[in-house]
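In the text below, chain A, chain B and the rest are named by the order of the sequence lines, each starting its count at 1.
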Amino acid sequence: MTMQTNGITVSTATHIPLWRIRLKLAWRSLESNWATFAESPIGLIGLGVIIFFGLFALAHPILMHTVWDSATYDPQMGYDMELAFHPADPSARHLLGTDPLGRDILSQLMYSTRYEFVLGILSAVVTVVIATTIGAVAAYYGGLVDALLMRLADLVIMVPFLPILIVLSSFTEVGMFELALLIGRLSGVGGNTIVIKSQALSVKVKPFIEAARIAGGSDFHIIFTHLIPNLLPIALLYMMFVVTSAIFSEAVLSYFGLTTIKMSWGIMINTAQTQGYLLRFDTWYLLLPASLAITLLCAAFYLVGRALDEVVNPRLRSR
Amino acid sequence: MWKFLGKRLIQMLFTLLLFQAVTYFLIDAQPGDIADLLAHDPSIPPGERDRLRAELGLDRPPVERFVKYIGNFYTGNLGVSFNEYPRQVTDIIKERLPRTLVLFFTASMVSFWAGFMSGKILAWRRGSFVEYASTIVGVTLYTVFTPWFALMMIWLFSVKLGWLPAGKFLSPEVWITAPISANAVFGRLIATGFIGLTVTLAGFIISNKVARKSRVPLRVASIILPLGGALLYWSLNGLGVWGGDMLSHLVLPVLTVTLIAYGGSMLLTRTSMLETLREDYILTARAKGLPDKVVRDRHAARNALLPVWTGLVFSIGRSISGGIITETIFSWPGLGLTLLNASLVADIPVAMGTLTVIAILTLVSHLIADIGYAFLDPRIRY
């Protein structure tokens, strides 16, 4: 973001620095986009749920340091000695009861939330970085590069995601971080790339790309300062859907017991299963909180994605 | 058309080969094999493990094994399962594939049809309470944690209401006295369903060509006739008890996968309809004073179908994944459950075999979707 590359010289008579004008413009577009976003209740509901889970995750360390003692309430190592039988029903002491190993479920739920966020956002960022770069490069150069990258994308779409993850994670040790990278890489070269590339193709023929080329911009410069910034809105949109699928995939794999993650929502359900409580519907608190949390957070990111879709794609708006 | 088909088939073959290569080497690169799993057994001396490796060919270099595997694969030999040792992988797949196919195709077709029908009505009634409520239901079905959803279905239909069995492929206590094997009964069930569906479909296609007056009776007949025929056949062939038992086990998994897939196709139809409704020809159709139903079904929905059909291609992978989860929860012994179990015990031939069959299934569905695209959109000709 340097002043020279822009090509437009702002008249110095006004004495307003360029960055302030840019900031003002960015703010104005943010405001109008927010107005479109806020028009649909589904986006606001989604955002509300995400903020709720954010606060939920933040509350855990605070509670651990103030109200909850670590011997009883630690999400992985805790054990409540005062109760004779575990799993225990919800009570004032344990708002959502305890799991078969005597650990507090609410504490587990809150503790896992931050990792779900990290996992979702990390895999989304990896996906977007890969997909935008590949999409922009494929659209800009075309020809052989394009053909190779798109065939690769076809291969990834053609093959269902979950079976591959099941096989890979059962043959190797997969933690939260590895899983995020794995999901990010797999979805980064797949369907997202094709969507972003088609957007890149429509940006590539715009006059300002031609202008940048005539001004002597290198390919690298054009791709990274002119092409990719224009792909970011649609990339952001697809990030939301990647977050949904990443959280979902992690939960399913952990539920199958294929990951080495210590504690997550999927692991909580896996614990209920390995201890034989899966089909015992009287101990609902072993399944319901974690499952509902997975569903809600996935749905929230999906809803935000849908609302962003209406911002990015004007043909969907109601007016 | 034929040229396109030939080209696509060759492309598919290459994709499959590439897929096999990638998965084979990925699996191979992971540490540990079947011999390591047996290492925990103290009764097996260390020398025996090396002998086992040599016998299963695990001591050869991976490239040599891969070339051999591919050679065997395309001559119809998928190897022998490590875990259920003398059993052929082909045999295992032959037994489990029909079960997965029934689950997958019934669910895909019903959910696509239902999703399209309800999606177009929802888009038409944009802003109403029904639309918001259905969107929320759709999103919930789309993002629901599948294992939990399947468990809730079990809880509702087999624990609370007691209507349907909770899982498994059949009830063993009923099958002790069965005269023929379960797979034979299942084969007859599939055949009945297939013939019945073909007759119904043919009846509906013909009914679109005949005069308006005889359309409804023909459609009713094309539903009632195969249904009655099937009931008659199963009550007379003496296998009704066992067929019914199998069918009752089939309902809940199919319903679960259908509902999961329904959310996606309903939401997609809604979005696609919303885009189509802004087109000028919809305005024209309305200005002509055509009834709402005609504008919606004849003008808008037909054009909105195209992106939904494309979306179907993407959703195939999703419903296969959903199928794997559902098979696991319902202990439905199909390909998904086989893949999961084989992966857990490092049974490479079975894992490779099921994964390849799943890939072939996906590739074929994509091809069918692409051919269907040409029928739906007259602008597309191959």
CG of B:L151 to CD of A:Q273, rounded to nearest 0.5 Å, is 8.5 Å
Turns out that what part of B:L355 lies under 4.5 Å from chain A's heavy atoms comes down to side chain
Honestly, the part of A:L303 sitting under 4.5 Å from a heavy atom of chain B is side chain
d(A:I45 CD1, B:T135 OG1) to nearest 0.5 Å is 10.0 Å
Tell me yes or no: between the side chains of B:T271 and A:R306, is some donor less than 3.5 Å from an acceptor? yes
Heavy atoms of B:I325 and A:F256 approach each other most closely as CA-CZ, 4.2 Å
Most contact-rich option vs chain A, by heavy-atom pairs under 4.5 angstrom, among B:L361, B:L277, B:T23, B:T146, is B:T146
Among B:V22, B:L267, B:I154, the residue with the most heavy-atom pairs under 4.5 Å to chain A is B:L267
Inset, instruction - Answer yes or no: are there more than 12 heavy-atom neighbours, outside B:Y281 itself, under 6.0 Å from its atom OH? - result: yes
Check: Is there a side-chain contact between B:V139 and A:I42, using heavy atoms and a 4.5 Å cut-off?
Finding: no
Test side-chain contact (heavy atoms from CB on, under 4.5 Å), reference B:F145, set A:I269, A:L297, A:L287, output is A:I269
- Query: For the side chain of B:T143 and the backbone of A:C298, is there at least one donor-acceptor N/O pair under 3.5 Å apart?
  - Reply: no
TODO: Look at the aromatic rings of A:Y302 and B:Y142 and report parallel, tilted or perpendicular, splitting at 30° and 60°.
DONE: tilted
Bottom line for B:F149: the part with an atom under 4.5 Å from chain A's heavy atoms is neither
Under 4.5 Å to a heavy atom of chain B? For A:I247 that would be neither
message = Is there a side-chain contact between B:W148 and A:L288 in this structure, where contact means two heavy atoms from C-beta onward sitting under 4.5 Å apart?
response = yes
